[in-house]
Amino acid sequence: MLAKRKRNGKVRVRFTMPSMDGCDCLYLVGDFNEWSETAHPMQRADDGAWPLTLELEPGRDYQYRYRTDIGVWHDDPTADASVPNPYGSDNSVVRT
């Protein structure tokens with residue numbers, strides 16, 4: 001689920017992936033962190049979901065995906081949109 005709200009000229013976006021069997025480590029990866037696979041580690045909540053909040057510039061489309069520590073990529077089913085990427089899959093999009 002994506003939740004957004006404005007604060008101090010930025011848009012706070014809460015990215016959340018639901019609980020996933022066999023997933024011990026999850027990262028948020030996107031053009032907001034130059035597609036770094038380790039810059040934004042997510043912490044599992046008590047309910048098993050994986051939330052992370054970022055402050056992003058308003059008026060932009062950001063592409064992103066989730067990646068496990070074993071290299072499995074996941075789309076966000078609650079993204080604002082999706083676009084094809086050069087690897088034959090889709091990137092999720094959040095619009096701020």
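All of these numbers come straight from a predicted model, not from anything done at the bench. Throughout, residue positions are numbered sequentially from 1 according to the sequence presented.
Donor-acceptor pairing under 3.5 Å is lacking for the side chains of N91 and Y64.
Once rounded to the nearest 0.5 Å, the distance linking CG of L26 with CD of Q43 reads 10.5 Å. Interatomic distance, SG of C23 versus CZ of R44, reported as 6.5 Å (0.5 Å rounding).
Under the 4.5 Å side-chain criterion, counting only non-hydrogen atoms from C-beta, S92 is not in contact with Q63. Side-chain contact between W73 and E37: present, with at least one pair of heavy atoms (C-beta onward) separated by less than 4.5 Å.
Criterion: ILVMFWY side-chain heavy atoms under 4.5 Å apart, direct or through other members. Under it, L54 and W50 are part of a common hydrophobic cluster. F32 and V29 sit in two unconnected hydrophobic clusters of ILVMFWY residues. Membership requires side-chain heavy atoms under 4.5 Å apart, directly or through other members. The hydrophobic clustering, which links ILVMFWY residues whose side-chain heavy atoms are closer than 4.5 Å, places V93 and L52 apart.
With sequence neighbours excluded, the residues satisfying side chain to side chain donor-acceptor pair (under 3.5 Å) with R65 are D75, S89.
The shortest heavy-atom contact between M42 and P51 is CE-C, 3.9 Å. Taking each heavy atom of D76 and M17 in turn, the nearest pair found is CA-SD, 4.4 Å. Across all non-hydrogen atoms, the minimal contact from T16 to Y66 is N-OH, 3.7 Å.
Ion pair R95/D80 not flagged as a salt bridge, since none of the NZ, NE, NH1 or NH2 atoms sits closer than 4.0 Å to an Asp/Glu carboxylate oxygen.
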Output, in order, the C-alpha distance, side-chain angles, deciding distance and verdict of side-chain contact (heavy atoms from CB on, under 4.5 Å) for V13 and T96.
CA-CA 8 Å; V13 180; T96 58; 4.1 Å; yes

May I have the step-by-step check of side-chain contact (heavy atoms from CB on, under 4.5 Å) for R14 and K4, ending in yes or no?
CA-CA 6 Å; R14 184 171 176 88; K4 303 175 220 174; over 6 Å; no

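Residue K6 places its NZ atom among 12 or fewer non-hydrogen atoms of other residues, nucleotides or ligands, all under 6.0 Å distant.
Pairs passing the side-chain hydrogen bond (donor to acceptor under 3.5 Å, both in side chains) check and including a residue from residues 23-34, sequence neighbours excluded, read N33-H40.
At distances below 3.5 Å, not a single donor-acceptor pair connects side-chain atoms of S19 with backbone N or O atoms of A49. Of the possible polar contacts, none joining the N8 side chain to the K10 backbone as a donor-acceptor pair under 3.5 Å is found.
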